[in-house]
There are 2 protein chains.
Amino acid sequence: MIKNDIALEIEKKSEFNRAKSLLIVEAVLSTLKEALTNEEKIEIRGFSSFKVVRKKTGFGRDIRRKKQIKIKKGKRIKFRPGQDLKNIK
Amino acid sequence: MIKNDIALEIEKKSEFNRAKSLLIVEAVLSTLKEALTNEEKIEIRGFSSFKVVRKKTGFGRDIRRKKQIKIKKGKRIKFRPGQDLKNIK
DNA sequence: AAGGGCGATATCGTTCTTAATCATTGACGT
DNA sequence: ACGTCAATGATTAAGAACGATATCGCCCTT
């Protein structure tokens with residue numbers, strides 16, 4: 001599923017046309033993105049939660065040269081599925 | 001940020017009222033949820049991707065009794081931030 | 001319709017997540 | 001605004017993910 005597929009579903013579920021649905025989808029996604037960029041926690045019951053956490057890893061690996069590589073400290077986004085998504089069969 | 005906060009943002013970014021914005025947000029989220037429940041991969045450039053993967057872990061831990069616990073095989077949702085979210089400062 | 005970038009993949013060692021449970025905080029429907 | 005029930009935090013140990021890089025694949029903008 002890609003962005004356009006989501007817009008298609010919105011089109012079916014609402015009275016909006018495809019173009020409008022796409023704008024709506026992008027508005028929702030950009031809102032989430034902005035919040036996470038601001039390191040804001042997001043919690044939506046029944047769907048999932050997102051949290052920005054500190055990266056503690058200090059180094060990585062280079063495939064080709066097989067030697068250590070410095071990794072800058074930074075942030076990570078932690079995703080946790082909600083109740084409905086936790087036990088999908 | 002909770003679901004209502006997202007609706008508030010949609011209200012500001014669009015010409016919809018609060019109630020309509022909330023319905024829109026729920027439509028988008030439920031669309032994503034349905035896709036993941038169907039084990040469908042989701043990929044949105046510039047935002048993130050979701051993928052359903054097989055759980056391979058075979059056991060867990062009981063805090064109280066400090067012993068292993070059988071874990072049924074199942075599925076997990078893997079979240080990967082996109083380009084924009086990967087290196088938030 | 002098509003090319004340009006972005007995302008996926010493979011690799012390896014260290015770091016981190018996962019699972020169950022109870023209490024507490026707090027999201028969200030009425 | 002209140003009440004209900006989901007989400008968080010803590011714990012342990014094993015197994016999986018993370019991180020940099022180049023190439024391939026394909027989403028998305030023009």
Side-chain angles (χ1 to χ4, degrees), chain A residues 1-8 18-19 21-23 25-26 29-30 32-33 35 40-88, chain B residues 1-8 18-19 21-27 29-30 33 35 40-89:
Chain A
M1 166 175 275
I2 61 179
K3 190 159 59 176
N4 218 42
D5 296 324
I6 305 175
L8 257 164
R18 184 87 51 90
S21 296
L22 187 57
L23 287 176
V25 171
E26 288 178 336
L29 293 175
S30 70
L32 295 176
K33 189 164 72 173
E40 190 177 354
K41 186 181 74 173
I42 299 177
E43 182 176 342
I44 301 167
R45 297 293 169 110
F47 179 68
S48 66
S49 67
F50 302 86
K51 193 170 61 173
V52 179
V53 295
R54 192 181 291 280
K55 275 196 300 185
K56 290 176 184 174
T57 318
F59 64 93
R61 275 267 150 180
D62 183 327
I63 291 185
R64 222 163 323 287
R65 310 189 179 199
K66 300 184 178 180
K67 64 177 182 179
Q68 290 190 349
I69 289 179
K70 297 174 189 173
I71 293 178
K72 309 162 199 164
K73 295 179 181 178
K75 306 276 171 48
R76 280 193 51 233
I77 296 178
K78 184 179 173 184
F79 167 80
R80 296 194 61 177
Q83 182 77 351
D84 299 355
L85 289 177
K86 197 171 284 182
N87 291 314
I88 55 182
Chain B
M1 166 174 274
I2 61 179
K3 190 159 58 176
N4 217 41
D5 296 324
I6 304 174
L8 256 164
R18 184 89 50 89
S21 296
L22 187 58
L23 286 176
I24 288 171
V25 171
E26 288 178 337
L29 293 176
S30 71
K33 189 164 72 172
E40 190 177 353
K41 186 180 73 172
I42 299 177
E43 182 176 341
I44 302 167
R45 296 293 169 111
F47 180 66
S48 65
S49 65
F50 301 85
K51 193 169 60 171
V52 179
V53 295
R54 194 180 289 280
K55 274 195 301 185
K56 291 176 185 173
T57 319
F59 64 93
R61 275 272 149 180
D62 184 328
I63 290 185
R64 221 166 323 288
R65 311 188 178 198
K66 300 182 179 180
K67 66 175 182 180
Q68 291 191 348
I69 289 179
K70 296 174 187 172
I71 293 176
K72 310 162 199 164
K73 295 179 181 177
K75 305 276 169 48
R76 278 194 53 230
I77 297 177
K78 184 179 173 185
F79 166 81
R80 296 197 63 178
Q83 183 78 351
D84 299 357
L85 287 177
K86 197 171 284 183
N87 290 314
I88 54 181
K89 302 293 181 301

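Residue numbers begin at 1 in each chain, while the letters A, B, ... track the order of the sequences.
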Distance, nearest 0.5 Å, that separates CD of A:Glu26 from NZ of A:Lys33: 9.5 Å

Sugar-phosphate only, base, or nothing, as touched by A:Arg80 at under 4.0 Å among non-hydrogen atoms: sugar-phosphate

Reported NZ-to-CZ distance for the pair B:Lys51 and B:Arg76, which is rounded to 0.5 angstrom: 11.0 Å

Spacing of B:Ile6 atom CD1 and B:Ile24 atom CD1 [to the nearest 0.5 Å]: 12.5 Å

Shortest non-hydrogen separation from B:Ile77 to A:Pro81 and the atoms involved: CD1-CB, 4.4 Å

5' precedence on DNA chain D between B:Phe79 and A:Gly46 (nearest-nucleotide basis): A:Gly46

Whole-Å distance separating the CD atom of B:Gln83 from the P atom of D:dA20: 12 Å

Integer-rounded Å distance: D:dG19 P and A:Ile77 CD1: 11 Å

Given D:dT8, C:dT18, C:dT9, the nucleotide with the shortest approach to the side chain of B:Lys51: C:dT9

Listing time: all N or O pairs from protein to nucleotides 28-30 of chain D that are below 3.5 Å?
unit_1: D:dC28; atom_1: OP1; unit_2: B:Arg45; atom_2: N; d: 3.2

Ring geometry between B:Phe50 and A:Phe50 (parallel below 30°, tilted from 30 to 60°, perpendicular above 60°): perpendicular

A:Arg18: side chain to side chain donor-acceptor pair (under 3.5 Å) partners, not counting sequence neighbours: A:Glu11

Residue-phosphate contact under 4.0 Å: A:Arg76 side-chain N/O, C:dT17 OP1/OP2: yes

Nearest-angstrom distance from the residue atom CZ of B:Phe50 to C1' of C:dG7: 15 Å

Would you be so kind as to tabulate the donor-acceptor pairs closer than 3.5 Å made by side chains of residues 42-49 of chain A, with sequence neighbours excluded?
unit_1: A:Glu43; atom_1: OE2; unit_2: A:Arg45; atom_2: NE; d: 3.1
unit_1: A:Glu43; atom_1: OE2; unit_2: A:Arg45; atom_2: NH2; d: 3.3

Protein-nucleotide distance (A:Lys78, atom NZ; D:dC18, atom P), rounded to Å: 12 Å

Length of the CE-C1' vector between A:Met1 and D:dC26, whole Å: 17 Å

Rounded interatomic separation in angstrom, taking CD1 from B:Ile42 and C1' from D:dC26: 17 Å

Interatomic distance where NZ belongs to A:Lys75 and P belongs to C:dC16 [whole Å]: 15 Å

Rounded interatomic separation in angstrom, taking NZ from A:Lys41 and P from D:dA7: 12 Å

